[in-house]
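The basis for the numbers below is simple: all heavy atoms, side chains too, and nothing from hydrogens, waters or symmetry mates.
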Amino acid sequence: MGRQRGPDAASGRGVWAFGMSASGARGAFPDSGSGRCKRAWTELLAGRVKRQKLGPDGEQKVRESAVRLLRSHLNLSDLFLEVEGPQFAEPRLHRWIEWGGPEADARLSSSFVGSALQDQASRLGVPVAVLSSRVVASALARICASDARPSPQMLLTPEQRKKLSSVLGTARDLIAHGMFSRRCFCGEVWKVQNSLLLEAVWHLHVQNIVSLQELLESHADVQAAGTWLSRSLYHLCEQMEASSPHTDVARAVLTGFVQMFVLRGFPKNVDPRSTVEPEPVTQIAADVLQRMLTSALEALAAGLQEASAAYKAVRCWFGTFGRHTYQSIISTESPKRFFCHTLTQILTHRPVLKVSDALQMQREWCFARTHPLLSDLYRKLFVVLSPEELVARLQEVLETQEVNWQHVLSCVSALVICLPDAQPLVNGWVARLLARAFESCDLDSMVSAFLVVRQAAQEGPAAFPPYADWFQASFGSARYHGCSKKALVFLFKFLSDLVPFEAPQYLKVHMLHPPLVPSKHRTLLSDYVALARTRLADLKVSVETMGLYEDVSAAGDMAEPHSQASRDVEKAVSVFQHTGKVPVAVMEASVFRRPYYLSHFLPALLTPRVLPTVEDARAALIEALRRADKIPPSLYSAYRQACSTAGEKQPEAPGSEAEHSCAEEPLDLLTAALGELRASLSDPTQQDVLSARMAVVSDRLGPALGLSKDDEDGSSVATVQLSVRTPELPPRELKVVDLLLTAFSQNLLAASCLAPPDRQGPWAARLVRTLCGHGLLPAVLTRLCQLLRHQGPSLSASHVLGLAALAVHLGEAASTLPAVCAGPPGPARPLPVPELFDCLLPCGTPEAWALCLRFCTAAISYSVCKFSSQSRGVLRSCLSPGLIKKFQFLVLRLFPEARDAPAGAEDAAGPGWQPLCLPSVDWQRAALCLWEQGAFRELLEQDGLRLTYRDWLLLELEIQPEVDALSDTERWAFQQWAIHEHFLPAPASAGGCAGDLEAACTVLADVLMDFWQRSRSDGHSDNSHLAVSGYTGNRDIFSRLQELAGDLQQGPEAPLGPSPARGHFLFGLFRRRLRALARGQDVATRLQRQQELLMFRRVLLGLPPTVLVGSPQAGPPAALACEDFFHLVNTELRDFSQDGALSHDITLHFFRGLLDACSRSSDPSLAADLTLTACGTQCPLLLTSALLWWPRLEPELRRRWTRCSRGPLPSELQRLQEARHFARSVLGPLEAPPAPGPAWLCAAALHLELRQAGKAGLRSELARLPCPGDELLLFLFFFSLMGLLASHVTPHAAGSPEALAVCTEILGCLQRRRVSWLPLFQLTEAGAGLGHTLLRLAPDHLLRLLPVAFYSLLSSFEEDAPLQQEAFLHVAVDMYLQLVRLFMDGGTSAVSTRAHSGELRGQGDPVSLITKARLFLLQLIPRCPARSFACVTELLAAPGACDPEVRAALLRRQPAGLDPDLRQEPCLFGPDLHGV
């Protein structure tokens, strides 16, 4: 039977026949020497009396069960002993296979081994596949057991590995010939599992002898298989961490097993919540992974020594969660399912901690204090799972399972630290928890919300808002708890239950920022506050002595009051320096927390010292508090006295030495943390720990500053105040900021040595957010101001690179940062942080533009490289357009070769960022390479980033030519190229002028005036910067304007003179600029408008005079087109005229232009006469100005006229000369000739002569006026009134009493001649009467003061004037109302100032004038006839028209039934004056 061969040898019958063990064989065949009788099969089966009937399926199952039973007990060794005898116990086949197989002996070929196995199987009566499997398994067991190293070992030695390779080679040949049974082999392998090495099993899998899945499926005990595998993997992790030459093999083995376990343990289509029992392989794989994670978490909980084997094993196992393990299977869903399962297991591992434990121990579970191995595991899980999935998993686990609070909260910390995008998700999750809690009074949701928020908040404001802010935002309104009393009771019941377990900082938050409670439920709040105070008293913590800037939501030991007070003073001074206002915390403490304010804060603030010569921020804060009555007078007096007696050596405050030493320790810790961060950035293998390093830096930054994490200034200040000219920092902040900036630059260089910016990760952005979140933004910006604006030339290349990258990341976070007020010379408006760098990088000197070029090159290169894969909009938001434009300006100005490059060049990307990190940087080459980069050119295609014509002009004006690196010739060539070759032909979309020369002139003039205005507002003197002749830079650009104006004048299509349709472009520019200014009569508005007009005048005087009058048109002679200039004089220049005339320069310029333009006319004399006639009608001020300056004008005009005509001056010019002669004749001894021209012109000439003569007694001269002279006398009275008012408002004006005397004399003459002078006080523009001319001859501010002049002449009025002139009462009341209105609006302030100063001797101030006017009216009203009151009706109808007494007096005289004809407006203007 043992010799059976043929097909049945491998059949079930053969297996059944020889499938018994040795004991089974002896039971079948009695052994005579056994000494005892064996029971036969019949006896064994005697109990089965009744035979069961089996169907086809049942028989098949029985047969399969029998086969499995026999296979599990098959023992070939016993079979050899039974069949062949003891000499065949170890067949030679074992030795052949173990010691090299066919390779060791050429005679032992694979066919020979196979033949030998077949022969041996025939003799044993077993299938050859079974025998082969048994032999190979036996050889495998012998190889694994031959290791002499101490157990446990999971890796093969080189000798073992060589033997195993031979055995597996033979096995592959047997498999190829169908002489190997994998099923039998798996069974034999598991029999020797205790001596089996894990590497050997891995080789079986990778060399396709038998797969891991087949091995696992063949194991009868799933739990035992999982136990063996997990134990083997654990030992493998221990051995792999040891320094060994076989680490790569160990890593490959571990990775292979983990990949298989993940794929088989977490298949895609298996629901983890299903009740169906999983397959054995799935069950084993999941069990092994679970065991490994559990053992690792248990080891962490027990505490690990870094040098222990357990620590190495845990670190190795957690390392399998890295991307290198799953990168080949990441496309499947298995890794994500496994990671979700792992996170769940971590969160629910050993849920033994209670909520009370979590409340008390939460401070120890922050990210910086979490075990590094667990933090590293979190980070690896976060790589595969998105923030949304993580938050959803946390929410689901908290809602459905018991959790380990330490792991949950440490996971929350890791989440907000490692994933900045998770912050809004956590906020939303907490909001949902609170909503659910108040909706159904769910205590679990409430607990979860508070624990999660507190955990996230203690990671610092850069990661999550402070707890105090969250509590105030959530409960400071009725958002959650205001819906009902039930919700209020629930909230305060919850807070009260927390009190016994609360840390003091949270109790302080609840007390200082209490929930919003309706007045009728205030007892709930008061009860809670009393309970919290009791708890704080038990803890020996006082709210009254808590610091102003103490972190009420940060965990840690409470600072001593004197130490905290010193920090509060330093912080308050810093806030005051940056905002210019007393900090809100100080003001609140002075009212609500007076014990601490008076006992600790003020003594620390008022520490005696030697006061500085120039008031510093601390002294300014003390003065501000004193003015606000926040410092007791006695305390302030003692402080001042102590400061006055302070010696050269200032005594140290109590505890200052200890505080200094305490401050050094946190600074050293911060330095160490920054060093660790730099080391991690320099090591490519430590990139995963950057988040942990950043968290440590954030954790140590607050103590180093002595400031709280919950920094009020960093979260609530809307605007940061800087002083660009004199930036100052406290010593501690200066030291910390320098340390951080140095570390940032070093980190940047270290990271750039390994990878370009786009592959460095988010470390730089996170560090910048950390700085800004700790309230350091004002200090950082102040230090940047010091470095860039005041110490720029001393900065090295590495400094420039670091500061440039810092500026880019500040721009990236600009949307979350407050605006900055830079102060002069920056703009007055608050600036976004990126635009601040425009102010810090001027271009006026070679040193300044060298730094600007380096900084702009570095910043643009870094941003282009850093955000190369993102949209250009992101890049634009990180950089200020001003920096990009300054870079273009400097490249074009300094490098002529850049001017020849085509505007749309799309060159190669260039070297980019890396060359800038070299020790020696060629900045010129780097700038030109960046200029030619295609990415940079694409960036310039965005709106607002290309250098425009206007931008170039503003930057060119900043250059100071006396220190310019370009010579005068080079500067002229550059400016010519920029205007005529670059910007003039460029399209408007590219910032050019599209060939429009007039547009180029307009922009140049506009920019020039903007620059002058900005220079004046920056405080520069008028002689150095605003005067065209005093500043070379302005003169150069102004010369370009003159050249463009000349080109425009010579052009065939656009002569310099304006066309009748649209006028000259300069006047249109003036109108646009003036419309942009405010209208008003206050001093500031008038001064601003006057400055603008002064700039207009400078521009006009620098251009050809024909700009004012235009060019004569073709055809018969006609008046020149002067309407634009006339309008400018009437509307603007008139208000700033003095003595009824314009300045000499603008007057001369007009007449020069007039004669030059008329000289090109066919009849120059006629053209001049027509123009001057129009001038007398439309702009009479020009003619009165010519009268004033005639002695200086006449020689110039005659010289110019003789060049164009041999005849006499035009008749209108001669009339000006005749008016001057007439005025001199009136004052002379001879009889005056008739008036040569219009009465107003002769009156103006006479007024000028009277003023120059300084005569007060004019009765005889006025009597000699030729008749009819009433009109001339009336105009002369008007000019005299204007002179009187000018003497009232002009400082240090001479002849004020004389002006009043002249007006009195002229008024007396008018009254004697019975000439109505009242129309002068009721002037209007309507018609062609007096107002049409006179309102164009005096400034508006003097015309508004006519009521002052009216009542200044009270003593000169005739007693019967009210009876003789019906309109007298109307005018008197109207003047009184206007006088009162002027006084109420402040219009008489100038008169009042001069009256009080004694300059208006005998004329009184406005108050006395109003009093006299009121008394005069009250005396006048009863004397006026009834007809005079008809015209007062509309005056009384105005609201608040006059005081009640005057109003009552007028109403008493108002007739009850007045004839309609009497209600008509009185005739103020006589019929003989309407044609004047």
Side-chain angles (χ1 to χ4, degrees), residues 1140 1243 1246-1247 1250-1251 1255-1259 1261-1262 1270 1273-1290 1293 1295-1323 1330 1334 1338 1342-1380 1382-1383 1387-1388 1390-1392 1394-1395 1399-1421 1423-1424 1428 1468:
L1246 182 57
H1247 172 69
L1250 288 174
R1251 192 185 64 187
K1255 298 180 64 175
L1258 301 176
R1259 180 179 293 269
E1261 287 80 0
L1262 296 177
D1270 296 345
L1273 196 60
L1274 194 61
F1275 283 113
L1276 181 61
F1277 184 47
F1278 175 81
F1279 288 124
S1280 301
L1281 289 175
M1282 294 301 104
L1284 173 64
L1285 294 175
S1287 68
H1288 278 47
V1289 298
T1290 304
S1296 297
E1298 290 80 2
L1300 181 60
V1302 170
C1303 292
T1304 302
E1305 291 286 352
I1306 299 174
L1307 177 59
C1309 185
L1310 288 171
Q1311 291 181 142
R1312 286 191 297 271
R1313 294 193 180 195
R1314 295 294 185 263
V1315 178
S1316 178
W1317 49 273
L1318 293 176
L1320 296 179
F1321 295 94
Q1322 299 284 294
L1323 297 174
L1330 290 173
L1334 296 182
L1342 293 184
L1343 294 173
R1344 279 192 297 274
L1345 291 176
L1346 277 175
V1348 176
F1350 182 87
Y1351 282 105
S1352 296
L1353 299 173
L1354 275 178
S1355 60
S1356 303
F1357 294 163
E1358 293 182 346
E1359 293 185 3
D1360 59 348
L1363 303 176
Q1364 294 179 1
Q1365 302 188 56
E1366 177 186 338
F1368 187 88
L1369 180 62
H1370 180 277
V1371 174
V1373 173
D1374 188 25
M1375 290 294 101
Y1376 175 73
L1377 298 180
Q1378 292 188 35
L1379 181 63
V1380 173
L1382 275 173
F1383 179 78
T1388 60
V1391 180
S1392 177
R1394 298 201 63 219
E1399 297 182 29
L1400 300 179
R1401 294 182 299 272
Q1403 299 183 38
D1405 60 274
V1407 176
S1408 61
L1409 193 65
I1410 293 175
T1411 304
K1412 292 178 182 179
R1414 181 171 177 274
L1415 182 59
F1416 172 76
L1417 281 180
L1418 293 176
Q1419 295 174 354
L1420 174 66
I1421 291 173
R1423 298 169 51 207
C1424 291
S1428 301
L1468 298 179

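- Between Met1282 and Leu1346, the closest side-chain pair of non-hydrogen atoms falls below 4.5 Å.
- Arg1414 CZ to Tyr1351 OH: the interatomic distance, rounded to the nearest 0.5 Å, is 12.0 Å.
- Contact of the Leu1417 side chain with the Val1373 side chain is registered, since non-hydrogen atoms from C-beta on lie closer than 4.5 Å.
- With values rounded to the nearest 0.5 angstrom, Leu1307 atom CG is found 4.5 Å from Phe1277 atom CZ.
- Looking at every heavy atom in both residues, Val1348 comes nearest to His1288 through CG1-CD2, 4.0 Å.
- No side-chain heavy atom of Leu1354 sits less than 4.5 Å from a side-chain heavy atom of Leu1409.
- Rounding to the nearest 0.5 Å gives a distance of 10.5 Å between CG of Leu1281 and CZ of Phe1350.
- Contact detail for Leu1353 and Thr1304: the closest heavy-atom pair is CD2-OG1, 4.0 Å.
- No side-chain donor-acceptor contact under 3.5 Å links Tyr1376 to the backbone of Val1371.
- The backbone N or O of Glu1358 lies less than 3.5 Å from a partner atom in the side chain of Gln1311, making a donor-acceptor pair.
- Considering only heavy atoms from C-beta on, Leu1246 stays 4.5 Å or farther from Phe1275 through its side chain.
- Ring centroids of Phe1368 and Phe1357 are separated by less than 6.0 Å, placing the two rings close together.
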